[in-house]
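Worksheet: the structure to be examined is printed underneath.
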There are 2 protein chains.
Amino acid sequence: MTTPARRGRPRSEGADGRILQAAHALLTQRGYDRFAIDEVAARAGVAKTTLYRRWPTKDHLLVALVARIQDEVEVADTGDLRRDLTVYLGAVAHGLEGMRRVGREAAAADRSAGVVAELVAAAARHPDVGEAVRALFARRNTLPLRLLDHARERGALPPATSSEVLFDQLAGALYYRLLITGAPIGADYVEELVDQVLTQAATPHPERA
Amino acid sequence: MTTPARRGRPRSEGADGRILQAAHALLTQRGYDRFAIDEVAARAGVAKTTLYRRWPTKDHLLVALVARIQDEVEVADTGDLRRDLTVYLGAVAHGLEGMRRVGREAAAADRSAGVVAELVAAAARHPDVGEAVRALFARRNTLPLRLLDHARERGALPPATSSEVLFDQLAGALYYRLLITGAPIGADYVEELVDQVLTQAATPHPERA
DNA sequence: GTATTTACGCTACGACAGTTGCGTAAATAC
DNA sequence: GTATTTACGCAACTGTCGTAGCGTAAATAC
């Protein structure tokens with residue numbers, strides 16, 4: 001992994017790290033719309049132009065920050081689908097509730113989707129940011145998707161079940177509440193959601209002749 | 001509904017309409033981040049300050065626009081749940097795909113969530129905008145929720161089913177794909193989604209002793 | 001050594017959101 | 001009529017994102 005000895009002046013050692021660190025501090029303190037790029041640059045001890053050479057817009061910087069913050073969510077595959085799903089989705093929901101409070105006084109505790117909404121908008125504004133965000137989520141979702149695959153293989157889900165669609169249902173419900181309805185997504189809701197999906201999947205009833 | 005004869009100079013007749021019309025035209029032409037408030041005011045023939053007296057931020061104006069654009073989605077309750085859901089969600093998905101293209105050259109056709117993403121961000125930035133958006137969706141969702149209630153009552157869904165949670169699953173899947181994964185939400189996907197939810201709900205299988 | 005390449009810091013600038021202050025217009029209250 | 005209240009238009013201003021130009025610093029190529 002040695003650098004192949006580029007041509008001109010090398011990039012300032014550690015500037016990236018100092019910028020991200022300063023940006024992270026300001027983001028968590030004030031939120032996305034109330035911190036200025038100029039201030040990030042000043043705190044990091046670099047010129048604003050240097051920052052822009054690395055991240056061409058504030059939106060790009062945001063993705064880099066979120067990708068950094070986002071801690072990996074553990075995925076246990078114990079064979080108890082209900083339990084595994086509840087644990088996993090509970091962790092996701094908890095993480096999202098945390099994102100909600102980034103840059104707000106805890107007292108606020110309103111129903112805003114916070115920084116996740118900004119991330120979504122950033123992805124919509126710039127194609128390359130969108131690509132990066134989608135890659136982030138694709139990577140994050142591989143393990144839970146595999147969890148559903150295994151469940152289907154061992155007969156815990158109907159054989160015709162599509163893991164992708166089922167995952168859309170589960171994750172979608174959480175993001176829908178976070179971003180659209182603003183409804184809370186606590187542990188109790190996650191349990192109800194998983195319960196309903198799996199109970200549905202196990203209870204026969206009329207219709208569908 | 002006669003005006004109670006207010007005190008001072010009345011608001012300029014029709015200014016609201018002209019502003020909204022001008023803003024709508026610019027929004028559909030260029031998209032949210034590439035049209036300027038100054039330009040809207042100029043086209044509407046009012047001073048910028050007059051516009052700001054009505055909508056305190058660009059985000060507020062956006063909600064007013066979307067609320068205006070959003071056509072009511074028909075909800076048929078024929079007794080055939082699968083069909084009714086497919087039709088309803090198909091219309092919603094079609095509307096969302098339309099929102100995706102607002103302000104973009106048709107050629108682009110990328111995976112951006114477009115104006116919906118901006119709406120979500122606007123809701124996250126201002127508490128009152130969030131309130132308005134949530135009211136918009138609550139109103140929009142009453143009929144489909146009733147549809148699910150009826151289905152449960154006549155035994156087409158398990159009696160323990162929560163309409164709210166089920167609706168989160170369905171609508172959530174669509175918005176999740178629109179806003180997060182960028183995956184298409186065409187008629188084929190809607191059919192697969194409804195099919196899977198209802199097939200799950202009708203097919204017994206092991207697990208859940 | 002000199003030439004070249006790439007990054008840096010700095011200053012100035014353009015575009016746009018949103019604000020402020022002020023003079024004026026259009027209504028009601030008396 | 002005059003006083004009061006509310007809206008309007010206009011112009012100037014601030015804050016912030018992002019860009020452009022330029023001189024300089026630190027590396028490699030020869």
Side-chain angles (χ1 to χ4, degrees), chain A residues 2-19 22-23 26-27 29-65 103 118-119 121-122 124-129, chain B residues 2-19 22-23 26-27 29-65 103 118-119 121-122 124-129:
Chain A
T2 46
T3 28
R6 298 269 310 280
R7 229 350 201 121
R9 172 176 177 170
R11 288 206 149 177
S12 167
E13 185 81 26
D16 292 46
R18 289 205 312 280
I19 293 170
L26 279 172
L27 176 65
Q29 277 172 32
R30 305 195 197 158
Y32 188 61
D33 50 342
R34 269 171 305 195
F35 84 83
I37 291 284
D38 297 74
E39 203 173 356
V40 174
R43 283 212 195 185
V46 300
K48 189 170 57 156
T49 42
T50 296
L51 191 156
Y52 273 105
R53 276 177 201 114
R54 288 161 167 75
W55 296 278
T57 75
K58 197 178 170 184
D59 284 342
H60 287 77
L61 180 57
L62 175 67
V63 194
L65 285 177
E118 300 290 356
L119 190 71
R125 281 190 281 257
H126 319 279
D128 56 338
V129 172
Chain B
T2 48
T3 27
R6 298 269 311 280
R7 211 28 176 100
R9 170 175 178 172
R11 287 206 149 177
S12 168
E13 185 81 28
D16 294 47
R18 289 204 312 281
I19 292 170
L26 279 171
L27 176 65
Q29 277 173 32
R30 306 195 197 160
Y32 189 62
D33 49 343
R34 270 171 305 193
F35 84 84
I37 291 285
D38 298 75
E39 202 173 355
V40 174
R43 284 212 193 185
V46 301
K48 188 169 56 155
T49 42
T50 296
L51 192 155
Y52 274 106
R53 276 177 201 115
R54 287 162 168 76
W55 298 278
T57 74
K58 198 178 170 184
D59 284 342
H60 287 78
L61 180 56
L62 175 66
V63 194
L65 284 177
E118 300 290 356
L119 189 73
R125 282 190 280 257
H126 319 279
D128 55 339
V129 172

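Just so it is clear: chains get the letters A, B, ... in the order the sequence lines come, proteins before strands, and each one is counted from 1.
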N/O to N/O distances under 3.5 Å, protein versus nucleotides 13-15 of chain D:
none

(message) Once rounded to the nearest 0.5 Å, what's the spacing between atom CD of B:E118 and atom CG of B:L27?
(response) 9.5 Å
Whole angstrom is fine here: how far is it from [atom1] in [X] over to [atom2] in [N]?
X      : N      : atom1 : atom2 : value
B:H60  : C:dA17 : NE2   : P     : 15 Å
B:I19  : D:dA7  : CD1   : P     : 14 Å
B:D33  : D:dT16 : CG    : P     : 20 Å
B:D59  : C:dC16 : CG    : P     : 17 Å
B:R6   : C:dA29 : CZ    : C1'   : 15 Å
A:H126 : D:dC17 : NE2   : P     : 13 Å
B:R34  : D:dG18 : CZ    : P     : 14 Å
A:Y52  : D:dG18 : OH    : C1'   : 5 Å

(request) For the residue pair B:R53 and B:T50, establish whether any side-chain heavy-atom pair is separated by less than 4.5 Å. (result)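 Contact flag for B:R53/B:T50 side chains = yes.
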Would you mind telling me which of [options] lies closest to the side-chain atoms of [X]?
X     : options                : value
A:R9  : C:dA26, D:dC17, C:dT6  : C:dT6
A:K58 : D:dG18, D:dA25, C:dC10 : D:dG18
A:T50 : D:dA11, C:dC8, C:dA25  : C:dC8
A:T49 : C:dC10, D:dA27, D:dT16 : C:dC10
B:P10 : C:dT6, D:dC17, C:dA26  : C:dA26

(message) Between A:K48 and A:D38, does any NZ, NE, NH1 or NH2 come within less than 4.0 Å of an OD or OE carboxylate oxygen?
(response) yes
For the student: nearest non-hydrogen atoms of [X] and [Y], plus distance:
X      : Y      : value
B:A121 : A:A121 : CB-CB, 3.7 Å
A:R43  : A:A22  : CB-CB, 3.8 Å
A:A41  : A:L51  : N-CD1, 4.2 Å

(message) Among B:R34, B:K58, B:R30, which residue satisfies the salt bridge (Lys or Arg N to Asp or Glu O under 4.0 Å) criterion with B:E39?
(response)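 By the salt bridge (Lys or Arg N to Asp or Glu O under 4.0 Å) criterion, B:E39 pairs with just one of B:R34, B:K58, B:R30: B:R30.
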(request) Starting at the 5' end of DNA chain D, write a dot or bracket for each base, bracketing those in Watson-Crick or G-U wobble pairs whose two distances are under 3.5 Å and using | for partners on another strand. (result) ||||||||||||||||||||||||||||||
(request) Would you state whether a donor and an acceptor, one from the side chain of A:R53 and one from the base of C:dA7, lie under 3.5 Å apart? (result) no
(request) Establish whether the base of C:dT6 is bridged to the side chain of A:R7 by a donor-acceptor pair shorter than 3.5 Å. (result)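 Such a pair does not exist between side chain and base.
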(request) Considering just the side-chain nitrogens and oxygens of A:R54, establish if one lies under 4.0 Å of OP1 or OP2 belonging to C:dC8. (result)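 Yes, because at least one side-chain N or O of A:R54 sits under 4.0 Å from OP1 or OP2 of C:dC8.
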(request) Give A:R11 one of three labels, base, sugar-phosphate or nothing, depending on what nucleic acid heavy atoms sit under 4.0 Å from its own. (result) sugar-phosphate
(request) Answer yes or no: is there a donor N or O on one side and an acceptor on the other, between the side chain of A:Y32 and the main chain of A:D59, under 3.5 Å? (result)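 Side chain of A:Y32 to backbone of A:D59: a pair is present.
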(message) Show me the pairs that pass side chain to side chain donor-acceptor pair (under 3.5 Å) and involve residues 7-17 of chain A, at least two apart or across chains.
(response)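 Counting only pairs at least two positions apart or across chains, the side chain to side chain donor-acceptor pair (under 3.5 Å) contacts touching residues 7-17 of chain A are A:D16-A:R54.
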(request) Report the C-alpha separation of B:V63 and B:W55 in whole Å, then their side-chain angles, then the decisive distance to 0.1 Å, and conclude whether the side chain to side chain contact (heavy atoms under 4.5 Å, CB included) test is met. (result) CA-CA 10 Å; B:V63 194; B:W55 298 278; over 6 Å; no
